[in-house]
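A, B, ... follow the sequence lines: proteins, then strands. Residue 1 opens every chain.
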Protein chains: 2
Amino acid sequence: MPENPDAFAHPASRLALEVFRLNGALIATGDALVAPLGLTSARWQVMGAVAEACGGQPVAGIARNMGLVRQSVQRIVDELAAEGILRFAPNPHHRRAKLVQLTERGEALFAEASRRWLVLADALAAALGAEDVARAAEVLCAAREHLHQAQAREEEAA
Amino acid sequence: MPENPDAFAHPASRLALEVFRLNGALIATGDALVAPLGLTSARWQVMGAVAEACGGQPVAGIARNMGLVRQSVQRIVDELAAEGILRFAPNPHHRRAKLVQLTERGEALFAEASRRWLVLADALAAALGAEDVARAAEVLCAAREHLHQAQAREEEAA
DNA sequence: GGCATTATGACTGTATGCTGTCAAATCGAC
DNA sequence: GTCGATTTGACAGCATACAGTCATAATGCC
């Protein structure tokens, strides 16, 4: 056992495992955080992307910013629009691709969700150290870019 | 805008975003990596947990090790067993909770998957620095524990 | 101006994970 | 030894994300 390459002990393996686990923990925590507002982690994340875009992006653009496919975002956006949390505004550059915006109710909900999250985020940063948290985020970002490039080279070869 | 607390710029927010994105990238990369073997990221991860347990755990135990619920793992295990990749062995301590083990074919598949992964893992560690990767993994682990504790306190209060 | 390419939304199907629920089996307090 | 609590497997339902496909709208090349 010691002489064969132990994939479990590899630093990259440990990182991948922790990403999977923390991803699950973050979704669970987020769900619990915004459930009293009638939201879920996925809805909250979509609202965040809409807020970040300041209501100037169609569904496909929001999906790109989130790193998801259009279809996943479209379903959430449709649900949130049906509940009066998001609305569609005319797009001067594209007749079909309406711009997605937060309604007043959506703005209020997102502000309340952000307030709740910041309490937890501050506690996290204080417990782990803001510096270390920021460095970890940079490593994850670099890892993602490396994977994307490797994937691109793989597809190019095929 | 500058005077209100910008939740997007918070170090913990950036970390959470990168975790979501890297999680997706890792699953996509893993799927591409083991697809030629007839596997998926989820199946591969379950096989990894079975391999790590050396065939001495029932489904519920494997799920605990992976941080998932029993039901998610059970479905994958049943599929892999139907394909001759996993098998169930009698459990001397529990009549119903059979032990999950890799078959010979499963061992071979997992070894090949590990071999493919290690190429990518080595490249990742080399590009980002094994030290930084390990440190990032530790930060993610600490973040998860912090979230679990916060969740536990929340439930206790309710 | 016309046409191929790309972008976008809509629809369908599939994979993965969670929750809820139930019965069987085990474990522990007494 | 008995009975309640816990663990485990099994089944059903739901949420989220992906891939494939099609029609429509926009863009770019000629």
Give the minimum heavy-atom separation between [X] and [Y], together with the two atoms involved.
X	Y	answer
B:Trp44	B:Ala113	NE1-CB, 3.7 Å
A:Met66	A:Ala49	CG-CB, 3.6 Å
A:Gly84	A:Thr103	O-OG1, 2.6 Å

Between B:Pro58 and A:Arg95, which is nearer to the 5' end of DNA chain D once each is assigned its nearest nucleotide?
->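 Taking each residue's closest nucleotide, the earlier one in sequence belongs to B:Pro58.
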Heavy-atom contacts under 4.0 Å between residues 70-78 of chain A and DNA chain C, which residues?
->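 Under 4.0 Å from DNA chain C: A:Arg70, A:Gln71, A:Gln74.
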Are B:Trp117 and A:Phe8 connected in the hydrophobic side-chain network, where two residues link if heavy atoms are under 4.5 Å apart?
->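 Result: yes, single cluster for both.
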A:Val69-A:Val73 co-clustered via ILVMFWY side chain contacts under 4.5 Å |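 No, separate clusters.
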For nucleotides 3-7 of chain C, list the nitrogen or oxygen atoms of the protein found under 3.5 Å from its nitrogen or oxygen atoms, one pair per line.
none

Could you give the distance from [atom1] ([X]) to [atom2] ([Y]), rounded to the nearest 0.5 Å?
X	Y	atom1	atom2	value
B:Leu39	B:Phe110	CG	CZ	10.0 Å
B:Arg14	A:Leu140	CZ	CG	13.0 Å
B:Ile85	B:Glu104	CD1	CD	14.0 Å

Please list, one pair per line, the donor and acceptor atoms closer than 3.5 Å that link side chains of residues 121-134 of chain B to other protein atoms, with sequence neighbours excluded.
{"unit_1": "B:Asp122", "atom_1": "OD1", "unit_2": "A:His10", "atom_2": "NE2", "d": "2.7"}
{"unit_1": "B:Asp132", "atom_1": "OD1", "unit_2": "B:Arg135", "atom_2": "NH2", "d": "2.7"}

Residues in side-chain contact (heavy atoms from CB on, under 4.5 Å) with B:Ala150, at least two apart?
->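 Scan of B:Ala150 (side-chain contact (heavy atoms from CB on, under 4.5 Å), adjacent residues dropped) gives A:Leu120, B:Arg153.
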Please identify each residue that fulfils side-chain contact (heavy atoms from CB on, under 4.5 Å) with A:Glu112, with sequence neighbours left out.
->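 Listed in chain order: A:Leu37, A:Arg115, A:Arg116.
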Determine which pairs satisfy salt bridge (Lys or Arg N to Asp or Glu O under 4.0 Å) with at least one residue from residues 35-55 of chain A, sequence neighbours left out, and list them in order.
->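 For residues 35-55 of chain A, and leaving out neighbouring residues, the salt bridge (Lys or Arg N to Asp or Glu O under 4.0 Å) pairs sorted by first residue read A:Arg43-A:Glu79, A:Arg43-A:Glu83.
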Would you kindly give the NZ-to-P distance between B:Lys98 and C:dA24, to the nearest whole Å?
->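 Going from B:Lys98 (NZ) to C:dA24 (P), I get 16 Å.
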Length of the line joining A:Asp31:CG and C:dC18:C1', which is rounded to integer Å =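 In whole Å, C:dC18 C1' and A:Asp31 CG are 9 Å from each other.
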Would you tabulate the side-chain donor-acceptor contacts of residues 94-102 of chain A under 3.5 Å, counting partners in other chains and residues two or more places apart, or write 'none'?
{"unit_1": "A:His94", "atom_1": "ND1", "unit_2": "A:Arg96", "atom_2": "N", "d": "3.2"}
{"unit_1": "A:His94", "atom_1": "ND1", "unit_2": "A:Ala97", "atom_2": "N", "d": "3.0"}
{"unit_1": "A:Gln101", "atom_1": "OE1", "unit_2": "A:Arg87", "atom_2": "NE", "d": "3.2"}
{"unit_1": "A:Gln101", "atom_1": "OE1", "unit_2": "A:Arg87", "atom_2": "NH2", "d": "3.3"}
{"unit_1": "A:Gln101", "atom_1": "NE2", "unit_2": "A:Gly55", "atom_2": "O", "d": "3.2"}

Positions of residues 15-30 of chain B (non-hydrogen atom under 4.0 Å from DNA chain D), listed by number =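 None, since no heavy atom is under 4.0 Å.
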Using a cut-off of strictly less than 4.0 Å between a heavy atom of the residue and any atom of DNA chain D, enumerate the qualifying residues of residues 40-53 of chain A by number.
->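 Per residue number, the list reads A:Thr40, A:Ala42.
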Show the numbers, then the answer: is there a side-chain contact (heavy atoms from CB on, under 4.5 Å) between B:Asp78 and B:Phe88?
-> CA-CA 10 Å; B:Asp78 288 342; B:Phe88 297 100; 3.9 Å; yes
Have a look at the helix from C:dG1-D:dC30 to C:dC30-D:dG1 and give the angle its two end axes make, five pairs each, rounded to 10 degrees.
->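 The end-segment axes of the helix from C:dG1-D:dC30 to C:dC30-D:dG1 are tilted 40° relative to each other.
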Range on DNA chain D touched by chain A - first to last nucleotide, heavy-atom distance under 4.0 Å |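 Endpoints of the contacted stretch of DNA chain D: D:dT16 to D:dA26.
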So, do A:Val50 and A:Gln57 sit near enough that their side-chain heavy atoms are less than 4.5 Å apart?
->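 When only atoms from C-beta onward are counted, A:Gln57 and A:Val50 do not touch, as no gap falls below 4.5 Å.
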Side-chain donor-acceptor distances from residues 15-32 of chain B under 3.5 Å, at least two apart:
{"unit_1": "B:Glu18", "atom_1": "OE1", "unit_2": "A:Arg144", "atom_2": "NE", "d": "3.4"}
{"unit_1": "B:Glu18", "atom_1": "OE1", "unit_2": "A:Arg144", "atom_2": "NH2", "d": "3.2"}
{"unit_1": "B:Glu18", "atom_1": "OE2", "unit_2": "A:Arg144", "atom_2": "NH2", "d": "3.4"}
{"unit_1": "B:Glu18", "atom_1": "OE2", "unit_2": "B:Arg21", "atom_2": "NH1", "d": "3.4"}
{"unit_1": "B:Arg21", "atom_1": "NH2", "unit_2": "A:Asn65", "atom_2": "O", "d": "3.1"}
{"unit_1": "B:Thr29", "atom_1": "OG1", "unit_2": "A:Gln151", "atom_2": "OE1", "d": "3.3"}
{"unit_1": "B:Thr29", "atom_1": "OG1", "unit_2": "B:Ala25", "atom_2": "O", "d": "2.8"}
{"unit_1": "B:Asp31", "atom_1": "OD1", "unit_2": "B:Ser41", "atom_2": "N", "d": "2.7"}
{"unit_1": "B:Asp31", "atom_1": "OD1", "unit_2": "B:Ser41", "atom_2": "OG", "d": "3.2"}

Donor-acceptor under 3.5 Å (A:Ser13 side chain, A:Ala9 main chain) |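 Judged by distance alone, no pair lies under 3.5 Å.
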